[in-house]
Number of protein chains: 2
Amino acid sequence: MPVPESEVERRVALLSQALRQSGMRLTHQRLEVAREIARSETHPDVEAVYRGVRNRVPTISLDTVYRTLAALTELGLIKRVSATSGPVRYDANPIQHHHFVCTRCGLIRDLYSPTLDALEPPEESSVFGRLESVEVQLRGVCEACKRKEDDCER
Amino acid sequence: MPVPESEVERRVALLSQALRQSGMRLTHQRLEVAREIARSETHPDVEAVYRGVRNRVPTISLDTVYRTLAALTELGLIKRVSATSGPVRYDANPIQHHHFVCTRCGLIRDLYSPTLDALEPPEESSVFGRLESVEVQLRGVCEACKRKEDDCER
DNA sequence: GTTACTGCAAACTTTTTGCACGACA
DNA sequence: TGTCGTGCAAAAAGTTTGCAGTAAC
């Protein structure tokens with residue numbers, strides 16, 4: 001089931017307005033990238049967005065899609081599904097735990113919480129397939145990055 | 001605070017035993033990669049594991065570290081922190097929601113749940129920094145991949 | 001008319017793969 | 001001894017950057 005056209009346009013309007021307000025120019029390319037991602041339900045990667053937009057803007061470059069998605073993410077208008085960018089990172093801690101992830105620098109800290117461990121996945125999630133684990137990700141800005149932000153504002 | 005040496009050795013023993021049981025050979029390189037990741041608290045990427053192991057096995061190659069970590073992940077002994085590997089994927093759905101992620105094929109499905117939305121992050125998580133969002137990730141094997149597995153077992 | 005944005009090309013980073021030699025069981 | 005694993009090298013995949021022309025405001 002696709003996102004209804006009215007909802008798509010509502011999202012595009014939000015994205016457009018936010019781009020404007022942040023001082024960025026609302027170019028044809030950015031508008032169409034925004035429309036493509038607003039319409040998507042499949043959590044596309046950059047390449048997939050590029051393919052979609054090219055149907056309407058055949059001359060757009062992959063770089064522009066990268067730059068636009070990065071800008072929208074920076075403004076908090078869209079999100080990366082994986083919390084961190086860059087290389088894959090591993091975790092060998094076999095004890096049940098959760099993560100705090102800094103969206104600025106990628107810092108990851110373990111979080112132990114019996115309350116979170118006890119979390120019951122909703123009934124309906126079984127339609128997706130066989131569940132193997134539940135992980136809660138707290139996303140935010142770590143202390144170090146907070147200090148850096150404060151320093152810059154002075 | 002480092003992982004206590006006794007806990008490290010316990011984890012290494014678990015990893016070694018599991019490697020053996022799966023029919024893989026327990027080489028010097030694999031043992032040291034296992035030790036390095038068991039000891040780590042920082043959710044290292046492949047490069048960082050490589051640097052650590054090289055102190056003890058100067059001739060090990062980066063490829064071997066890649067292959068060993070991939071094998072340990074495949075066996076479910078360690079986990080990637082980001083649910084999916086491969087290119088970064090985006091989400092433009094502004095409505096609060098959570099994700100089901102297939103650990104085999106990377107499929108991501110949105111999950112709406114007022115119960116999960118209402119989740120209160122534990123008090124102590126505020127020491128990490130400023131919290132901005134909470135996302136619950138259900139990980140497992142999607143219906144399509146389950147079918148593929150069943151087909152192979154016949 | 002300015003200034004920011006785009007497309008192109010090249011560079012860089014991260015990850016994967018083919019192959020011959022060496023090591024584990 | 002046979003087979004699996006390793007290191008090397010090269011390639012592939014994903015992402016970033018500098019620059020000159022172009023378009024938004």
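Throughout, a chain's letter reflects where its sequence line sits, starting with A, and its residues are numbered from 1. The figures that follow rest on heavy atoms only: side chains count, while hydrogens, waters and symmetry mates do not.
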- Query: Got a sec, which residues hit salt bridge (charged side-chain N to carboxylate O under 4.0 Å, His left out) with A:Glu132, two or more places apart in sequence or on another chain?
  - Reply: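 Salt bridge (charged side-chain N to carboxylate O under 4.0 Å, His left out) list for A:Glu132, sorted by chain: A:Arg130.
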
For B:Arg35, salt bridge (charged side-chain N to carboxylate O under 4.0 Å, His left out) partners two or more places apart =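 Once residues adjacent in sequence are excluded, the partners of B:Arg35 under the salt bridge (charged side-chain N to carboxylate O under 4.0 Å, His left out) criterion are B:Glu9, B:Glu32.
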
Under-4.0 Å side-chain N/O to phosphate OP1/OP2 contact, A:Thr64 with C:dG7:
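Answer is yes, contact under 4.0 Å.
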
(message) Side-chain heavy atoms under 4.5 Å apart, restricted to Ile/Leu/Val/Met/Phe/Trp/Tyr: what other residues fall into the cluster of A:Leu14, or is it alone?
(response)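 Members alongside A:Leu14: none; it stands by itself.
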
Using a 4.5 Å side-chain heavy-atom cut-off and chaining through intermediate ILVMFWY residues, the residues clustered with B:Ile95 come out as B:Tyr112

With sequence neighbours left out, the residues meeting side-chain contact (heavy atoms from CB on, under 4.5 Å) with B:Pro58 are none

Query raised in the report: Partners of A:Arg30 by side-chain contact (heavy atoms from CB on, under 4.5 Å), sequence neighbours excluded?
Result: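 With sequence neighbours excluded, A:Arg30 shows a side-chain contact (heavy atoms from CB on, under 4.5 Å) to A:Leu19, A:Met24, A:Arg25, A:Thr27, A:Thr68, given in chain and number order.
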
Angle separating the five-pair end axes of the helix from C:dG1-D:dC25 to C:dA25-D:dT1, nearest 10°, is 50°

To the nearest angstrom, the OH-P distance between A:Tyr50 and C:dT6 comes to 14 Å

A:Leu19 atom CG is separated from C:dT6 atom C1', nearest whole Å, by 15 Å

Given protein heavy atoms under 4.0 Å, the one-letter contact record of nucleotides 15-25 of chain C, with B base, S sugar-phosphate only and - none, is simply BBBB----BBS

#### Entry: Side-chain (A:Thr103) to main-chain (A:Gly140) donor-acceptor, under 3.5 angstrom
yes

Quick note, ring-ring contact (aromatic ring centres under 6.0 Å, His included) partners involving residues 116-150 of chain A, not counting sequence neighbours, are A:Phe128-B:Phe100

In short, ring-ring contact (aromatic ring centres under 6.0 Å, His included) pairs touching residues 60-96 of chain A with sequence neighbours left out are none

Taking heavy atoms of chain B and a 4.0 Å limit, find me the 5'-most and 3'-most nucleotide of DNA chain D within that range.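 Extent of the interface on DNA chain D: D:dG2 to D:dT15.
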
**Request:** Only counting residues at least two apart or in another chain, list the ones meeting ring-ring contact (aromatic ring centres under 6.0 Å, His included) with A:His98.
**Result:**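 None.
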
